[in-house]
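First the structure, in the form of structure tokens, and then the observations on it.
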Amino acid sequence: KRSNVTCQKAHRPNHKKECKKRAAEIFDEALFKQPRPNEDCAICFLRLPLDPSDSQYKVCCGKIICNGCVYADIIAGRSTKKNCHFCRAPYVKSVEKAFEKVEKRIEAGDVIAMHTLGSKYRAGDRVPQDFNKALELWHRAAMLGCAESHYDIGLVYFNGEGVEKDVKKFKHHWELAAMGGNVLARHNIGLVEANAGNTNRAKMHFLISAELGCDNSLKRIQYGFSCGHVTKDEFEKALRAHKVSKDEMQSDHRDAARRWLDAQRDTAP
């Protein structure tokens, strides 16, 4: 049976409902497939933390480095805040030069550079705040497979930041982000489904994100188990997979980096 638009138009009303049903089934097969885990740090080769603030994108070389490796590099005296911890290139001093480097990375098809610049336009970080430019860059990166851009597009439609709130659009982009491995998007879609009363779909999302290391999703699975919506086998499998994911993202240097950064924030004026 065919499920594309051309087929539906040619044979309506013979199998319109069947086509739509099958198309939804195919989409769900992709949506609930276990995605690949997040990428590895370019230095230590451990899985990058789920929290984006625990890693850094280096525009000079296009690498993503965990804060643990940055911290280890600094305390070992191998590097300073004046050069990249991966390629050792000196950091540019002016904002203009930094944006020139970002533009070069974008011209080379670097989706993280597109996403990063879009985030700066959204926040007004050293550039005038411009939601249109942010969305333009995120859409461009999303078309090239950037799950983080899909997540942020969904977020602005969820919050109504610079655009009208749109339930259909934010859910669509969060689902695409979840399929691309964005754990926070997966958890949020689980919340959306739970609030809509779709208990089984919510459970499936929470199981996937819990297994990828999401603490809040694991709490939801634990609550579901106490309510009888999650089986003992599902709960135990989620617990084991969650621990494996957390272990793969943990290191002494990453823990030390968090304490170091927290101490810096506490002493900041």
Side-chain angles (χ1 to χ4, degrees), residues 38-39 48-67 70 81-86 89-174 176-178 180 182-185 187-189 191-192 257-258 260-269:
N38 44 326
E39 296 180 5
L48 287 167
L50 298 182
D51 188 344
S53 66
D54 286 333
S55 58
Q56 302 177 16
Y57 170 73
K58 301 299 181 181
V59 70
C60 46
C61 52
K63 302 296 183 181
I64 303 177
I65 302 167
C66 72
N67 288 349
V70 173
K81 293 182 179 180
K82 296 181 179 179
N83 58 288
C84 174
H85 303 281
F86 182 84
Y91 292 137
V92 293
K93 295 181 180 180
S94 69
V95 175
E96 291 78 11
K97 289 288 185 181
F99 275 89
E100 284 180 13
K101 285 199 170 189
V102 173
E103 290 292 348
K104 286 183 179 180
R105 295 299 311 173
I106 290 174
E107 289 174 7
D110 188 332
V111 296
I112 303 302
M114 296 175 198
H115 178 260
T116 300
L117 185 56
S119 298
K120 290 189 178 297
Y121 276 114
R122 174 196 180 190
D125 181 7
R126 290 179 285 183
V127 291
Q129 191 175 48
D130 191 326
F131 285 103
N132 288 331
K133 285 187 178 180
L135 282 169
E136 180 185 342
L137 285 161
W138 287 340
H139 276 292
R140 185 175 169 188
M143 288 180 66
L144 294 173
C146 181
E148 288 68 29
S149 289
H150 275 302
Y151 173 75
D152 279 338
I153 293 168
L155 193 62
V156 296
Y157 280 112
F158 179 81
N159 293 325
E161 296 180 63
V163 294
E164 292 289 330
K165 288 186 177 183
D166 192 314
V167 175
K168 186 176 180 180
K169 286 184 178 179
F170 83 66
K171 187 179 180 183
H172 172 69
H173 283 286
W174 278 354
L176 292 177
N182 188 290
V183 177
L184 185 54
H187 177 77
N188 286 353
I189 284 294
L191 294 176
V192 171
R258 290 190 190 98
W260 177 57
L261 289 170
D262 287 342
Q264 286 190 324
R265 293 188 193 103
D266 291 341
T267 57

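Values below: every heavy atom of this structure, side chains too, minus hydrogens, waters and symmetry copies.
Contact annotation: the side chain of Lys120 approaches that of Phe99 to within less than 4.5 Å [non-hydrogen atoms, C-beta and beyond]. Side chains of Thr116 and Val102 form no contact here, defined as non-hydrogen atoms less than 4.5 Å apart. Residues His150 and Asn182 form no side-chain contact, since every pair of their non-hydrogen atoms from C-beta on lies 4.5 Å or further apart. Side chains of Leu50 and Asn38 form a contact here, defined as non-hydrogen atoms less than 4.5 Å apart. In this structure, the side chains of Leu144 and Met114 come closer than 4.5 Å at one or more pairs of heavy atoms. Two residues are said to be in side-chain contact when any heavy atoms from C-beta on lie closer than 4.5 Å; Arg140 and Ile106 meet this criterion.
The distance from the OG atom of Ser149 to the CG atom of Leu176 is 12.0 Å, given to the nearest 0.5 Å. With rounding to the nearest 0.5 angstrom, the CD atom of Glu103 is 6.0 Å from the CG atom of Leu117. Remark: Asp54 CG to Ile65 CD1 distance equals 14.5 Å, nearest 0.5 Å. Within the model, atoms CZ of Arg122 and CG of Asp152 stand 5.5 Å from one another, a figure rounded to the nearest 0.5 Å. Between atom CD1 of residue Ile112 and atom CD of residue Glu39 there is a gap of 6.5 Å, rounded to the nearest 0.5 Å. Between Ser55 atom OG and Lys63 atom NZ the span is 14.5 Å, to the nearest 0.5 Å.
Counting heavy-atom neighbours within 6.0 Å of Lys101 NZ, excluding the residue itself, gives a total above 12.
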Exercise for the section: Determine, step by step, whether Glu136 and Tyr121 satisfy the side chain to side chain contact (heavy atoms under 4.5 Å, CB included) criterion, reporting the C-alpha distance in whole Å, the side-chain angles of both residues, the deciding distance to 0.1 Å, and the verdict. Expected result: CA-CA 10 Å; Glu136 180 185 342; Tyr121 276 114; over 6 Å; no

Problem - Steps toward side chain to side chain contact (heavy atoms under 4.5 Å, CB included) verdict (Trp138, His173) - result: CA-CA 11 Å; Trp138 287 340; His173 283 286; over 6 Å; no

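A donor-acceptor distance shorter than 3.5 angstrom exists from the side chain of Asn67 to the backbone of Ser53, with no hydrogens or angles considered.
Between Phe158 and Phe170, the two ring planes are perpendicular [angle over 60°; tilted spans 30° to 60°]. The aromatic rings of Tyr151 and Trp174 lie parallel to each other, their planes meeting at an angle below 30°, with 60° marking the opposite boundary.
For the residue pair Tyr91 / Lys58, a side-chain donor-acceptor distance below 3.5 Å is found, with atom types taken as modelled.
Heavy-atom minimum distance, Val111 versus Ala141: O-CB, 3.7 Å.
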